[in-house]
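To start, the structure itself, in structure tokens.
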Number of protein chains: 2
Amino acid sequence: MEAQITIGQLAKATDTKAVTIRYYESAGLVSPVTRTEGGYRLYTDRERDRLIFIKRARHLGLSLEDVKSLLGLADDQSAPCGQVDSIIHEQLERVRARLKDLQQLERELDRLEQCCQADTVADCKIIESLSQ
Amino acid sequence: MEAQITIGQLAKATDTKAVTIRYYESAGLVSPVTRTEGGYRLYTDRERDRLIFIKRARHLGLSLEDVKSLLGLADDQSAPCGQVDSIIHEQLERVRARLKDLQQLERELDRLEQCCQADTVADCKIIESLSQ
DNA sequence: CTTGACCCTATAGCGGCTAGAACCTTCATG
DNA sequence: CATGAAGGTTCTAGCCGCTATAGGGTCAAG
């Protein structure tokens, strides 16, 4: 006989907000196994594990859509894992692209920050640089 | 006598979409100097410059709210430029924080990608790592 | 005068939540 | 058994910075 917990308990156990869990449900990621007569959602360890999985995957910056795919794949032990690889690989590429952008941005902001020694906007190199 | 242009011409001149320009107007960033009898927005060089300013500032990753502040400051030549500095500085800090996060993320994704040599999900280290 | 390119407003959607209103359920206590 | 607090329910709207769509009106050239 498996223990059943409410959404609040699941929230606490996984360090997720109850509203977020409901949101994930609406996105098709986790559903309660059943409900009380009064309509309270009830979950088991399986859902807790699923939520932890989601948290880890989200921590990697994956979209809910990707997380959903991963969950689907994880459920099917005999599935080929090429799709898993490609989800991770594409995310890595996105992260690298974003890193490049941000590094460029850092240089620009740093340069801008250095160049302003003025007191008023009239002489401000930053404003000047933006206005050109 | 200054030349007046329509939103489409302004859009082309600044490589911005007309819808976006209207959106900026709703956010209080740029307004047409006047309108035709039929209601068409009309702009001048001043608005074109303003839009270019916005584009540059947005390129630095600044929020529309920050851009709005910068525009306000740029309009007042006698204003002290400390506020300008701090907007840029805070953005730089945000970018650096994000960079740190993303670098960490890159390492994690890279490690994950390396570690999967399996054929099926059953042996997939990625799924395993997420499920733990 | 007609055509076709352009413009107008208003509304809804994206992602991933978060906040609030208005109400209902559960459970420990008196 | 009644009560009240804590926690649950659904629904709707908001955040950001656009983008897309519908259903119209305007403008300038031929």
Side-chain angles (χ1 to χ4, degrees), chain A residues 3-43 47 51 53-71 87 90-91 94-95 98 101 105, chain B residues 3-43 47 51 53-71 87 90-91 94-95 98 101 105:
Chain A
Q4 296 191 336
I5 55 174
T6 65
I7 198 169
Q9 292 165 330
L10 177 59
K12 200 165 280 180
T14 59
D15 195 30
T16 311
K17 291 179 183 165
V19 273
T20 303
I21 297 176
R22 281 192 284 259
Y23 175 70
Y24 287 164
E25 183 179 343
S26 77
L29 299 188
V30 231
S31 314
V33 269
T34 181
R35 298 228 185 185
T36 66
E37 288 199 358
Y40 279 29
R41 289 168 177 82
L42 291 175
Y43 303 89
E47 285 73 46
L51 256 181
F53 187 105
I54 295 170
K55 262 212 128 186
R56 296 220 175 94
R58 289 286 300 143
H59 175 75
L60 295 176
L62 294 168
S63 68
L64 290 190
E65 214 37 56
D66 277 348
V67 177
K68 199 172 167 183
S69 302
L70 285 179
L71 281 168
I87 287 172
E90 278 164 31
Q91 178 64 8
R94 276 190 292 269
V95 167
R98 187 91 185 95
D101 287 353
L105 201 46
Chain B
Q4 296 190 337
I5 56 175
T6 65
I7 199 169
Q9 293 165 329
L10 178 60
K12 200 164 283 181
T14 60
D15 195 29
T16 311
K17 290 179 185 168
V19 273
T20 304
I21 297 175
R22 281 191 285 259
Y23 175 70
Y24 287 165
E25 182 178 345
S26 78
L29 299 188
V30 230
S31 314
V33 270
T34 181
R35 297 229 187 183
T36 66
E37 289 198 357
Y40 279 29
R41 291 169 177 81
L42 292 175
Y43 302 90
E47 285 74 44
L51 256 181
F53 186 105
I54 296 170
K55 264 213 128 186
R56 295 221 175 93
R58 288 287 300 143
H59 175 75
L60 295 176
L62 294 167
S63 69
L64 289 189
E65 214 37 57
D66 278 348
V67 177
K68 198 173 168 181
S69 303
L70 285 179
L71 281 167
I87 287 173
E90 278 164 31
Q91 178 64 8
R94 275 189 292 269
V95 166
R98 188 91 186 94
D101 287 353
L105 201 46

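Every chain is numbered from 1, with letters handed out A, B, ... down the list of sequences.
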Taking [atom1] from [X] and [atom2] from [N], how many angstroms apart are they, rounded to a whole number?
{"X": "B:Ile7", "N": "D:dC27", "atom1": "CD1", "atom2": "P", "result": "15 Å"}
{"X": "A:Glu37", "N": "D:dG8", "atom1": "CD", "atom2": "P", "result": "18 Å"}
{"X": "B:Arg35", "N": "D:dG25", "atom1": "CZ", "atom2": "P", "result": "17 Å"}
{"X": "A:Glu25", "N": "D:dC11", "atom1": "CD", "atom2": "P", "result": "12 Å"}
{"X": "B:Glu65", "N": "D:dC15", "atom1": "CD", "atom2": "P", "result": "11 Å"}
{"X": "B:Arg94", "N": "D:dC16", "atom1": "CZ", "atom2": "C1'", "result": "14 Å"}
{"X": "B:Leu64", "N": "D:dC15", "atom1": "CG", "atom2": "C1'", "result": "13 Å"}
{"X": "B:Tyr24", "N": "D:dG17", "atom1": "OH", "atom2": "P", "result": "9 Å"}

Between B:Lys68 (side chain) and B:Ser63 (backbone), is there a donor-acceptor pair under 3.5 Å?
no
Looking at A:Ile87, is its backbone amide N or carbonyl O close enough to the side chain of A:Glu90 to form a donor-acceptor pair, meaning the two atoms are under 3.5 Å apart?
no
Test B:Val95 against B:Gln91 for side-chain contact (heavy atoms from CB on, under 4.5 Å), laying out the working first.
CA-CA 6 Å; B:Val95 166; B:Gln91 178 64 8; 3.9 Å; yes
Footprint ends on DNA chain C, 5' to 3', for atoms under 4.0 angstrom from a heavy atom of chain A, come out as C:dG16 to C:dT26
Inter-residue atom distance A:Ile21.CD1 - A:Leu29.CG, 0.5 Å rounding
11.5 Å
Got a second to check how far B:Arg98's CZ is from A:Arg98's CZ, nearest 0.5 Å?
6.0 Å
A:Gly38 vs B:Ser63, nearer the 5' end of DNA chain D by closest nucleotide
A:Gly38
Report the residues that fulfil side chain to side chain donor-acceptor pair (under 3.5 Å) with A:Thr14, sequence neighbours left out, ordered by chain and then residue number.
A:Thr16
Which is true for A:Arg22 with a 4.0 Å heavy-atom rule: it touches a base, it touches only sugar-phosphate, or it touches nothing?
base
Do the non-hydrogen side-chain atoms of A:Val30 and A:Glu47 ever get within less than 4.5 Å of each other?
yes
By nearest heavy atom, map A:Tyr23 and A:Thr36 onto DNA chain C; which one lands nearer the 5' end?
A:Tyr23
Just N and O in the side chain of B:Arg41: are any of them under 4.0 Å from OP1 or OP2 of D:dT26?
no
